[in-house]
Every structure is written in structure tokens, then in C-alpha cells.
J.: 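Quick one: the structure is below, questions incoming.
Heavy atoms only: backbone and side chains are in, while hydrogens, waters and symmetry mates are out. Order of the sequence lines sets the chain letters (A, B, ...), proteins ahead of strands, with each chain counted from 1.
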Number of protein chains: 2
Amino acid sequence: MTDNPNQKPHHHGDLRSALIQAGIALLSEGGKDALTLRKCAARAGVSHAAPAHHFDGLDGLRGAIAQEGFRLFRLSMLAACDDSNPSDLDRLKGICSGYLNFAIKNPALFELIFSSAPMAGLNRDLKQGTAFAYEVLRDACAPFAAPGQDPQVVETQVWSLIHGYTHLYMASRFGPVDPLQQARGPFDAVMALLDKLVAPPPKA
Amino acid sequence: MTDNPNQKPHHHGDLRSALIQAGIALLSEGGKDALTLRKCAARAGVSHAAPAHHFDGLDGLRGAIAQEGFRLFRLSMLAACDDSNPSDLDRLKGICSGYLNFAIKNPALFELIFSSAPMAGLNRDLKQGTAFAYEVLRDACAPFAAPGQDPQVVETQVWSLIHGYTHLYMASRFGPVDPLQQARGPFDAVMALLDKLVAPPPKA
DNA sequence: CGCTGAACTTGACAGTGTAAAGATCAGATC
DNA sequence: GATCTGATCTTTACACTGTCAAGTTCAGCG
């Protein structure tokens with residue numbers, strides 16, 4: 001009866017995750033505006049109103065996609081510095097490199113997860129996903145906190161620097177974007193600012 | 001005949017600029033998604049298809065609004081550091097302060113002007129508007145370029161830092177946004193990284 | 001067997017961008 | 001002055017979107 005895989009059942013089985021994957025694919029293929037409830041539904045083989053039973057409207061789907069996006073984002077940062085044990089500075093720059101690489105490989109997804117939706121409106125699972133990714137950055141920044149200084153300061157400095165560079169690079173502010181990640185603009189020159197974290201100014 | 005000001009003429013007179021102003025107002029009131037060709041037209045008192053004669057679709061209107069946005073953005077940066085002659089560092093931090101202030105006062109407009117529309121697709125006037133605003137940042141960075149170093153390096157470092165901070169702050173990544181610009185998050189702590197531009201590390 | 005509730009479909013509606021075709025009018029030309 | 005011309009704006013229409021309301025299907029259970 002239902003053994004025939006060609007015969008789609010009334011219940012999809014795992015529609016929620018199928019819609020999220022469809023959404024990521026649409027973002028990847030057509031950019032931010034290509035993410036549509038109806039197109040996601042069509043790609044998952046269900047009717048246009050089916051997603052409403054799994055997400056709270058389009059924003060709900062965006063949130064679920066963002067959660068998955070943060071998971072991939074974290075993996076990209078970790079993958080860029082899993083060498084043997086390099087110096088603390090190399091490790092931090094590796095994290096930043098993974099930060100940028102994720103945006104280059106997933107422009108629309110990167111834009112989505114850092115879109116201006118106020119954090120207050122995020123559900124708990126998504127908040128946890130962002131915190132989990134932030135942990136990677138925090139760990140890499142830990143060795144650079146001056147004694148007696150709030151470690152958040154260095155974290156915020158590094159985060160601002162790499163995030164700003166990535167966002168401006170993706171907006172073609174440093175020249176055309178290279179999807180092959182060969183030319184990443186003045187990435188190394190900008191990241192050289194991090195060198196000054198380890199060599200504090202002389203007390204004079 | 002046509003002396004009666006209550007009697008609206010067939011020709012608007014300055015519809016193009018009226019639509020841009022209407023668009024900025026809509027962005028300010030309702031955020032990024034509130035910018036709509038039809039709503040702009042209605043606010044300007046014309047039919048919904050009238051904007052098509054002045055802009056190349058919604059993206060064309062966005063570009064025109066961005067051009068005006070860059071003009072205001074530049075003024076905001078200049079306004080934040082027009083004191084008497086402070087130090088180079090104070091002046092640079094003032095520019096950064098104006099950068100952030102503009103985003104706080106015009107969240108949707110800030111998002112629009114730095115949206116990921118590739119620079120390649122921008123028209124010449126808009127490109128010139130962005131270059132004009134960038135000039136302010138470049139001038140403020142000039143005193144910090146190490147001798148023999150490409151001044152673009154410092155410019156890109158500073159730009160990345162302030163842009164990343166602003167973008168993350170506006171996404172409520174450093175806590176809730178204060179529209180009154182009283183609490184700007186760890187702004188001063190992050191900008192302290194710029195101190196290291198003037199005090200290079202010792203040579204060993 | 002029949003019930004119940006979740007999963008999904010169908011149909012409808014308002015709002016959107018955009019294109020085509022017509023109406024209006026200021027200004028130049030004759 | 002009369003007429004032509006082209007820019008400006010309106011009207012109409014269409015496809016697509018998110019969202020709601022109501023109906024349909026079906027697995028699991030008493």
C-alpha cells in the first residue's frame with residue numbers, strides 16, 4: 001500500500017525540516033528576496049498554506065532558517081582554524097577567516113542571520129544558537145584580554161572589526177566579491193590591526 | 001483658473017523629489033518593509049503607477065533614496081566633530097560617533113544605503129554620493145597612516161570597526177537600542193582600539 | 001467501528017510590482 | 001491663434017505574495 005515511495009502520503013513526515021532546507025536552497029539560488037513561503041511549499045511538494053502549520057508566518061520561517069544558519073556559521077568558523085596548535089593570534093585570525101568565508105559562500109543566509117530583527121523578538125532556541133556561535137569567538141578572544149579588563153571589550157572589538165569588514169566586503173565596498181574566496185580584498189591588511197592586541201603600547 | 005492652490009494640477013511639478021521624501025518618511029515610520037512604490041505614490045498624491053516615470057522600478061527609487069541618504073549620512077558625520085580643533089584622534093572618534101548616531105536616528109535608511117546591492121549595479125550619481133561620504137572618513141584617517149603605508153589600510157580598518165559596531169548595535173547585539181542615543185553600548189570601549197593607531201608597538 | 005485531532009488542501013482576499021494603453025497638458029512650431 | 005508633440009500622469013490589468021477561514025485526509029486510540 002504505502003510502500004510505494006512514488007506515492008506521496010498526505011502527511012509529509014518531516015515537512016518542517018524540508019521547508020527549512022528548501023528555504024536555504026532558495027536563498028542560495030536567488031538571494032534574500034527569493035525566500036518565499038509559497039516557493040518553499042512548492043519545493044517541498046505541499047500546498048501553499050501548509051507552512052503555516054509549522055511556522056508563525058514568514059518571519060517564523062526566517063527565524064528557523066536563521067537557527068540552522070547559525071549552526072553552519074559556527075562550523076565555518078571552527079573549520080577555518082582546526083590546524084595543529086597555532087598561536088593564539090593565528091587561531092583568532094582563523095576564526096575571522098571562517099567568519100568571512102561563510103558570508104562569501106552563503107551571502108543571503110549571512111544577511112538573514114544578522115538582519116536587524118531585534119534580538120528581543122527572537123525565540124529561545126534561536127537565541128541559544130547565536131550564543132553558541134558567539135562562544136567560538138569568545139574563546140578565541142580570551143587570550144587577549146588584558147589582566148583586570150572585562151574580556152567583553154576585546155570580544156566586541158574583534159567582532160566589530162570582522163563583522164564590519166565582512167559586511168562591507170559583501171556589499172562590494174572593497175571591490176567585486178570573489179565567490180571562490182581567492183581574492184578577499186584587503187582582508188589581511190585589516191586583520192593586521194589584531195596584531196596590536198598582543199603588543200600593547202609602551203608605558204612611556 | 002489655475003490660481004487656486006487647492007486645485008491640484010495634472011502635473012505634480014516636483015514629483016521625483018516628493019517621492020524620495022515620502023520614501024524616507026515611510027522608512028522612518030515603518031521600517032525597511034514599509035517602503036512601497038504604491039504608498040509613496042499615495043503620499044505624494046499621485047496614482048500608483050506614476051513613480052515608474054521617474055525611477056526604474058522599486059530598486060530605482062531605493063537608489064535615489066540612498067543617494068539622499070548618503071548626503072544626510074555625511075552631514076551626520078561632520079556634525080559630530082565640528083568642535084574647535086581637537087586632536088586627530090578626537091576628530092576620528094567624532095566621525096565614528098556621527099556614523100553611529102546616523103544609524104540610530106535613521107535605522108531603515110542606514111540599512112538601505114549599506115544594503116548588499118552590489119556596487120557594480122549602482123548608477124554614477126549614487127557612486128559619487130558614496131565617494132563623497134567616504135571622503136570624510138578618509139580625511140579623518142589621514143593622520144594615522146604610517147609613513148610608507150598605503151593610507152587605505154588605516155581607512156579600511158577604521159571603517160570596518162565602526163561599521164561593524166554600528167551594524168551589530170543596530171541588530172541589538174549589544175543590548176537594546178536606545179533611540180535617544182544616551183546608551184550606545186560599549187561604544188567607547190570598542191573605539192579605544194583606535195588609540196593603538198597612534199601608539200605603535202615597540203620594536204622589540 | 002467510530003472518534004479525535006493533527007496535517008494538509010482549497011479557496012479567497014488585500015496588497016505588492018509592473019506592464020500596456022489612454023488621458024491631460026505645457027510649450028514649441030507654424 | 002491653432003496645432004502638434006512629447007512628457008507627465010491615470011486607468012486597467014495581471015501575476016505573485018502573505019494570510020486567513022473552512023474543508024479534507026488520515027493515523028492513532030478508545
Side-chain angles (χ1 to χ4, degrees), chain A residues 1-27 29-66 108 112 115 117 121, chain B residues 1-27 29-66 108 112 115 117 121:
Chain A
M1 303 292 193
T2 60
D3 292 340
N4 186 351
N6 295 335
Q7 197 172 335
K8 82 173 178 187
H10 186 225
H11 287 55
H12 181 281
D14 195 10
L15 181 55
R16 187 188 143 91
S17 128
L19 288 170
I20 293 175
Q21 292 308 318
I24 292 179
L26 284 170
L27 283 175
E29 295 167 14
K32 152 176 69 103
D33 291 334
L35 177 61
T36 281
L37 277 177
R38 290 174 110 104
K39 277 193 266 194
C40 282
R43 195 170 275 232
V46 295
S47 79
H48 67 265
H53 294 267
H54 295 272
F55 306 101
D56 185 14
L58 181 57
D59 282 335
L61 174 60
R62 285 209 186 97
I65 290 177
L112 175 66
S115 74
Chain B
M1 304 291 195
T2 59
D3 291 342
N4 186 351
N6 295 334
Q7 198 170 335
K8 81 173 179 188
H10 185 224
H11 287 56
H12 181 281
D14 196 9
L15 181 55
R16 188 188 141 91
S17 128
L19 288 170
I20 292 175
Q21 292 307 319
I24 291 179
L26 284 171
L27 282 174
E29 295 167 13
K32 154 176 69 103
D33 291 334
L35 177 61
T36 282
L37 277 177
R38 292 173 108 106
K39 277 192 265 193
C40 281
R43 195 170 277 233
V46 295
S47 79
H48 67 265
H53 295 269
H54 295 272
F55 306 102
D56 186 14
L58 181 58
D59 281 334
L61 174 60
R62 284 210 186 96
I65 290 177
L112 175 66
S115 75

J.: Between B:Asp33 (CG) and D:dT19 (P), how many Å, whole number?
T.: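 Value for this atom pair: 11 Å.
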J.: In whole Å, I'd like the distance from the CG atom of B:Asp59 to the P atom of C:dG17.
T.: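 From B:Asp59 CG to C:dG17 P: 11 Å.
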J.: What is the distance from CG of A:Asp56 to P of D:dG18, rounded to the nearest Å?
T.: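 So the CG-P distance, A:Asp56 to D:dG18, works out to 14 Å.
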J.: Would you mind classifying the nucleic acid contact of B:His48 as base, sugar-phosphate or nothing, using non-hydrogen atoms under 4.0 angstrom?
T.: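 The residue B:His48 makes base contact.
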J.: Can you find a heavy atom in the side chain of A:Asp59 that is under 4.5 Å from one in the side chain of A:Arg62?
T.: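 Yes - at least one pair of side-chain heavy atoms lies under 4.5 Å apart.
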J.: Go nucleotide by nucleotide along DNA chain D from the 5' end; which of B:Asp14 and A:Thr36 gets its closest nucleotide reached first?
T.: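 Mapping each residue to its closest nucleotide by heavy atoms, the 5'-most match is B:Asp14.
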J.: Tell me: CZ of A:Phe55 to P of C:dA7, nearest whole Å?
T.: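 The distance from CZ of A:Phe55 to P of C:dA7 comes to 12 Å, rounded to the nearest Å.
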J.: From C-beta outward on B:His53, which listed nucleotide comes closest to its side chain: C:dG17, D:dT17, D:dT8?
T.: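 Of the candidates, D:dT8 comes closest.
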J.: Nearest whole Å is fine: how far is D:dC9 P from B:Arg16 CZ?
T.: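 Those two atoms, CZ and P, are 13 Å apart.
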J.: Without decimals, in angstroms, what is the distance between B:Leu19 CG and D:dC9 P?
T.: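 To the nearest whole Å, that distance equals 9 Å.
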J.: Rounded off to whole Å, could you give me the CG-to-P distance for the B:Leu35 and C:dG15 pair?
T.: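 Going from CG in B:Leu35 over to P in C:dG15 covers 17 Å.
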J.: Does the side chain of A:Leu37 reach to within under 4.5 Å of the side chain of A:Phe55, using non-hydrogen atoms?
T.: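 Not touching, per the 4.5 Å side-chain cut-off.
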J.: Starting from C1' on D:dC16, measure out to NZ on A:Lys39 and report it in whole angstrom.
T.: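 About 9 Å, once rounded to whole Å.
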J.: Is the shortest distance from a Lys or Arg side-chain nitrogen in B:Lys39 or B:Glu29 to a carboxylate oxygen in the other one below 4.0 Å?
T.: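 Looking at B:Glu29 together with B:Lys39, the answer is no, because their closest N to O distance does not fall below 4.0 Å.
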J.: Within the modelled atom types, does a donor on one side and an acceptor on the other bring the side chain of B:Arg38 and the base of C:dG15 under 3.5 Å apart?
T.: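 No, no donor-acceptor pair under 3.5 Å.
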J.: D:dT19, C:dC8, C:dG17: which one has an atom nearest the side-chain heavy atoms of A:Leu58?
T.: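 Nearest to the side-chain atoms of A:Leu58, counting from C-beta on, is D:dT19.
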J.: Within the 4.5 Å heavy-atom criterion, are A:Pro51 and A:Leu61 side-chain neighbours or not?
T.: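 No, their side chains stay 4.5 Å or more apart.
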